[in-house]
Each structure stands twice: as structure tokens, then as C-alpha cells.
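Reading through the C-alpha cells given below for one structure.
For the numbers below, each heavy atom of this structure counts, side chains included, while hydrogens, waters and symmetry mates do not. Chain letters run A, B, ... following the sequence lines, proteins first, then strands; residues in each count from 1.
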Protein chains: 2
Amino acid sequence: MANNKRGRQSFILPQMPVITAWASVAGKKESEGPLAHCFDVTSQDTYFGQKTWEQAEKQMQKLALDTLMKKAGISRQQVGLVFSGDLLNQCIGSSFTLRNTGIPHLGLYGACSTMAESLLLGAMTISGGFSDRVIAMTSSHFASSERQYRFPLGYGGQRTPSAQWTVTGSGAALLCSAGTGPRIESCTLGTVTDLGIKDANNMGAAMAPAAYATIRAHFADLNVGPEGFDRIVTGDLGQLGKDVLLELAKRDGISLGGKLMDCGTMVFDLTEQDVHSGGSGCGCSAITLCGYLLDQLNTGKLNRILFCGTGALLSPTSTQQGLPIPGVCHAVSIIGGQS
Amino acid sequence: MANNKRGRQSFILPQMPVITAWASVAGKKESEGPLAHCFDVTSQDTYFGQKTWEQAEKQMQKLALDTLMKKAGISRQQVGLVFSGDLLNQCIGSSFTLRNTGIPHLGLYGACSTMAESLLLGAMTISGGFSDRVIAMTSSHFASSERQYRFPLGYGGQRTPSAQWTVTGSGAALLCSAGTGPRIESCTLGTVTDLGIKDANNMGAAMAPAAYATIRAHFADLNVGPEGFDRIVTGDLGQLGKDVLLELAKRDGISLGGKLMDCGTMVFDLTEQDVHSGGSGCGCSAITLCGYLLDQLNTGKLNRILFCGTGALLSPTSTQQGLPIPGVCHAVSIIGGQS
């Protein structure tokens, strides 16, 4: 068998899977933010025409999937596999989206790292010759997340300064063995890292050590450094988590300063939109990637990014039982369509 | 790139990944059932020495992982990747097991199909040359499942005749590119199938159509039939779901009768152990595979099985909102160590 493994956690894709199409769906607040002009579909209706917020989340994924297939010019029958997951208990956003579509589905749980996890697995699947067309997809919804993880919205709970705002949105990307578009050249698998943060309102700090561990592993395994990338993009550390990550890197003598961007600080205007430390949720990195970054890569405005999905692997039960918040981060190195 | 795809949903592994070691951990009731003699570790303590049932589930996975590494004679540092997931909200059984172990982890949510899903993805990973040693793992716990999906145990709710009993147990299997042991020759990806069953106490019936769809796809894609297998093993349809599956196949002129086994009817004594329609949960197929079936395959008592993990993709929220129960089934064809 080929050996595509590099170091402990990384692997290369000798024949790089191509991201030939991508689609994004965003909610009201997201369509008022700095990336407003980037999204394929936006809605002013929090329910997306559905009766519940959970079904609204399903509807967003459905819209992302349908928009993606339309942009790619393919039918359901031509999709080989969908990797997807979300934050809802038992990932019902994803399974109800795929219900009775006839599309093969493998469900993931990587919390807010799901966009990166699904891309990574999609790249493996294409590269191994196990499927021709794989879709990587995820979603999150502010209202379904708030009531599941925190308080009923009607309760009007106060939010701490370190809190983040769950993005209402869904992103989907199509990976193929051939075609034109940005390509995935290598990936780094995350380890579950926990430095003992227990504050469920400070998830950026809980995830930052995992992000740093994965970025450091990617650099070591692939023998690259920050200078090898136009941007190193984390998923949803928010302003506080981003600062922690910069500090962790600095202690090792690595300067990420000029390269590091966090989707949580890109998707919202932190001074105007009252989101405190920034955006979060699976949808945060998904709509930033599928709404903005892939376009930038495709048109040559960016040539190479390290896309680092960050996930906080807590549940309300683990938090109530006094346990800390483990974090994980999976990284995908994507090169531009013009490269 | 190689084309290993077969038909719409299936793929082959030209160089078959080898399952070189496997381990099982089971609870009290499971260690009083027909497979009692098969398990590596059993406990009479529902809490497995922990303070909560959720942590007990984590502890079972930890025991399965540690036992597996011991049986395989490898250290944590030699494990390339763990695919795992469970039924707990946000899969905390799996993430807390891997916390600070340094082992790369990709989280899955496939409900009770997780053992098959993790084997399938592990086989892809090994075959694609992305890792040397991959562990596929899952767990479930009767008490943590009951309180999450149904009623607090202290409430003493009555169980319907169609209800199943969630297995307390964890199974883990090690996949390698070389070595001796049973081998994975092909896999079939499931589609999310829903015929409208809404009774959360009849999950066997909800999953049976998905199981049949996947088995039929495997037969068509790989050009085999029931006669090609010693056993076709479903995960946790229970007696009722198994009967539905037999009937669905019969309508298409396919006789599964002499070949079909269901882990839910193997792991418990249905007449003596008061489990109604049989066992269920991720642990059901996991401990049956990793406690019993892989031994049978390794010693030549079985030569070829189709292992079909079955999952009911409901959540308490979707049920309370009146939605039906989508099912999924992923199939893995395993041949014996003596073949």
C-alpha cells in the first residue's frame, strides 16, 4: 500500500482532490455582517419556513446541499457520499437533511471542527478511489444551540464578555477526483486536548490549546511554517481564543501574528454586532470557508491556506457534572485554483 | 487514482486491511447472557468505579482501548487514529476517552451503526495509506441511554413489548495494513431511510428498511447473494425488526432465513432476561463482534460474514416534535483469518 502518512498526525494527498463547487446559506445576523455579500442564500426568517429551530437547521443544510448541486450541475444520483454532522443532540440536522434522498451518508461528530473533519475525510475518500464525488457539509443555528446548550431564549440570560455567538448558517463543499478549483494537498488529524478550562462561556480558551497542538503538528509533520501560508484560518476561537493561540505560539518562538485569521472574528463585526468574543458553531467556519475563503482561493487572491476547524467537545451534561471542556482541531491545507 | 468504487454505494479494498486484535467490555446483565464467556472484561458495577453513568461509559471505552492495546502489544504512541462515537449527547463517551491521550481522533455519529461505520472508515484509512494502525471503537450504557432517551430509571416506566434493552458494553478493533486476522474485503455505505415509523419504542421496525436497503445494495453492487456468506449479521434490530427485515427480503424473492443473525437477539436470552425484543445500542453489535464474531472468524468457524451496523437516527427532540425515525445501515464484509 502507498504510504501517505507524514509524521504522527498528518498525511498528504499525492493526487489532490479538487473542491469543484461550494455553497453557503446564512441567517439574518450573518447577512448583516462583514461577509454579507458572500453568501449564496440568506434568509430574514429565523425559522427558514419551518415550525421549529431544529427543523430550520435541517432546512439550511437542505438549501446548502441543493444550492451546491445546482452550482455544480449535478443531481442527487451523482453524489457518491455526504460526510456531515452538526451540534444538535444526535445530529438530527444532518440525518433529517439526508433522509430519503438516496445519497449515501456517514455521520460525524466533531463539534465546530466538523467542516474541517468532513473535508479531511472527503479528501481521504476521493484519494483512495472509494467515491467519485463527496460532499462535506455542516450547519449550526443560534436559537437551537442556545436552548440546547444554555438557556431558553425567552429567559433573557445575560451573556459574559467571553461568550460567543453561534452562527446561523450552513456550508457545503463538493470534492472530486478531477476538475478545476482549490485543491486539498495535506491534512493533520487532531488529538483531544484539555488544559482544564471549565467555563462553558469561554470556549475559545478551551479550544486554543487544541488548535495550537494541531498547527504545530502540521508544521513539524509537513516541514512548513507560517511563511508557507497566505493565511492560517481557525474556525471559531473568537477574539479571546485567538489571543490565547497567538500567545501559545509565541512561547515556542513561532509568530503567527501576520497570518492568523479566525472565522469567528471575520463573520461578525465585533464592535457593531454585539457578539462579544465573536462567532462560533459549526456554521461559523463552514460559511466563512464556503462563502468567502474558497472564492478567494479560486480567484488567486489567496494561494494557500491552512484551514483549522476547532471544536469544543463538551455537552451540557459534562458541564453540569463539573468536567472540563476538551478541545479538538483538524487542519486541512488548501491551495488555490490558480496555483 | 484507483477506482475501488462498486455500484452506487459500495467499494472494495484491493489490499484488505487486517483486523489484528479486538477487545470487549461488558456490564452485569451482558455477562449473564449467552455470550458471557466471550468478553475480555466484565463488571458487576454499573458505574465501573465512576461517579456518573456517563463517566461509566467513558470508563468502559477506556477499558476497551487499554485492553485492545495490551492484546495487540502496542502503545498509545503506535496508534495512528481512533474512529469512535457513541449515543450520548455530543458523544462525550468517546471524546472524554481520548482526552489527553495524544491519539489522533475523528468523532462519528452513526447511532447504533457506529461499530460498522468506524470499521468502514478505518478500512478506507488503512487502504488509502493514510495511517498504519487505526482503531474502530464505540460504546453504550443502559442507564445513560434510558435517562437520556426515555425516563429517569427511578421513575420505573413500563416498557412496551417492542422495546429493546440498551447493551452496557464497549468494543474496539485494531485495523492494520499487514498482520494476521480477519480481513475487510468490501463495504457498503448506507442511505438514510425512513418509512414513517414514529414509535420510539419500536426502533427495530424503524431500522429494518435501512438494513434491507443496504444488504440489497451490497448484493447488487458486489454481485453476491446470501449464499456468499456464512452469516449476515445485523446490529440491533431485535426480534421484531429481524422479522420485518426477513419479510422485506422475502417480498423481493430473497431468502435470508438461514443466514440472518441479529446481535440484539444473540447478546441476551430473550426468554430469560426480560429484554423484550432484544438488545440495542452501539455496544450491542460492538461486543458481539469484538467478543464473539471476530474470534469465530479468526479460528475458521466462520469464513465470511456481512456485518451490518444498524442505527436509528432519532433524538428525544425529534420524537417530541412528532417526527419519524430515520434509519441507517452500513455493511462491512469480513473474511476469516483462515481464508
Side-chain angles (χ1 to χ4, degrees), chain A residues 1-5 8-9 11 15 51-52 54-55 77 80-81 85 87-92 94-96 98-111 117 120-121 124-132 177 189-194 313-318 321 323 326 328 330, chain B residues 1-5 8-9 11 15 51-52 54-55 77 80-81 85 87-92 94-96 98-111 117 120-121 124-132 177 189-194 313-318 321 323 326 328 330:
Chain A
M1 293 180 199
N3 179 14
N4 297 316
K5 198 181 166 185
R8 176 84 198 274
Q9 293 170 242
F11 59 86
Q15 289 166 289
K51 285 182 183 172
T52 67
E54 290 75 18
Q55 287 299 297
Q77 286 70 32
L81 172 59
L87 294 170
L88 294 174
N89 293 345
Q90 286 73 56
C91 297
I92 51 168
S94 301
S95 41
F96 279 82
L98 274 307
R99 183 164 72 116
N100 293 341
T101 58
I103 303 175
H105 171 57
L106 291 172
L108 308 180
Y109 187 75
E117 183 184 1
L120 179 157
L121 282 166
M124 272 192 193
T125 309
I126 293 289
S127 179
F130 301 115
S131 187
D132 302 324
S177 53
L189 299 157
T191 61
V192 183
T193 303
D194 169 17
L313 301 169
L314 81 166
S315 84
T317 305
S318 66
Q321 292 178 353
L323 297 171
V328 75
H330 306 294
Chain B
M1 294 180 196
N3 179 14
N4 297 316
K5 196 179 168 189
R8 175 84 199 274
Q9 293 170 242
F11 59 86
Q15 289 166 289
K51 286 182 181 173
T52 66
E54 289 76 18
Q55 287 299 295
Q77 286 69 34
L81 172 60
L87 293 171
L88 294 173
N89 294 343
Q90 287 71 56
C91 296
I92 52 170
S94 301
S95 43
F96 278 82
L98 275 305
R99 185 163 70 116
N100 292 340
T101 57
I103 303 175
H105 171 56
L106 291 172
L108 307 180
Y109 186 76
E117 184 183 0
L120 180 158
L121 282 166
M124 271 192 195
T125 309
I126 294 289
S127 179
F130 303 115
S131 186
D132 302 324
S177 54
L189 299 157
T191 59
V192 183
T193 303
D194 169 17
L313 302 169
L314 81 168
S315 84
T317 305
S318 66
Q321 293 178 350
L323 297 171
V328 75
H330 305 295

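- Separation of atoms NE2 (His105(B)) and CD (Gln9(A)) is listed at 13.0 Å; rounding is to 0.5 Å.
- Between the side chains of Gln321(A) and Glu54(B), at least one donor N or O lies within less than 3.5 Å of an accepting N or O.
- Counting heavy-atom pairs under 4.5 Å between each of Ile103(B), Asn3(B), Thr193(B) and chain A puts Ile103(B) at the top.
- For Leu313(B), the parts lying under 4.5 angstrom from a heavy atom of chain A are both the backbone and the side chain.
- The two residues Leu189(B) and Pro104(A) make their nearest non-hydrogen contact at CB-CB, 3.8 Å.
- In this structure, the separation between CG on Leu120(A) and CG on Leu106(B) is 6.0 Å, given to the nearest 0.5 Å.
- Distance check, rounded to the nearest 0.5 Å: CG of Asn100(A) to CG of Asp194(B) gives 5.0 Å.
- The two residues Gly107(B) and Glu117(A) come nearest to each other via the heavy atoms O-OE2, 2.7 Å.
- Considering only heavy-atom pairs separated by less than 4.5 Å from chain A, the leading option among Gly190(B), Pro316(B), Ser131(B) is Gly190(B).
- When every heavy atom of Leu121(A) is checked against every heavy atom of Leu121(B), the shortest pair comes out as CD2-CD2, 4.1 Å.
- Between chain A and the options Lys5(B), Arg8(B), Gln15(B), Gln77(B), the largest number of non-hydrogen pairs under 4.5 Å is found for Arg8(B).
- Gly102(A) approaches Thr191(B) most closely through the heavy-atom pair O-CG2, 3.4 Å.
- At a 4.5 Å heavy-atom cutoff, the contact between Leu314(B) and chain A is made by backbone atoms alone.
- In this structure, chain A has heavy atoms under 4.5 Å from both the backbone and the side chain of Tyr109(B).
- Among Asp132(B), Thr125(B), Leu98(B), Leu108(B), the residue with the largest count of heavy-atom pairs under 4.5 Å with chain A is Leu108(B).
- No other option in Leu323(B), Leu81(B), Thr317(B) has as many heavy-atom pairs under 4.5 Å with chain A as Leu323(B).
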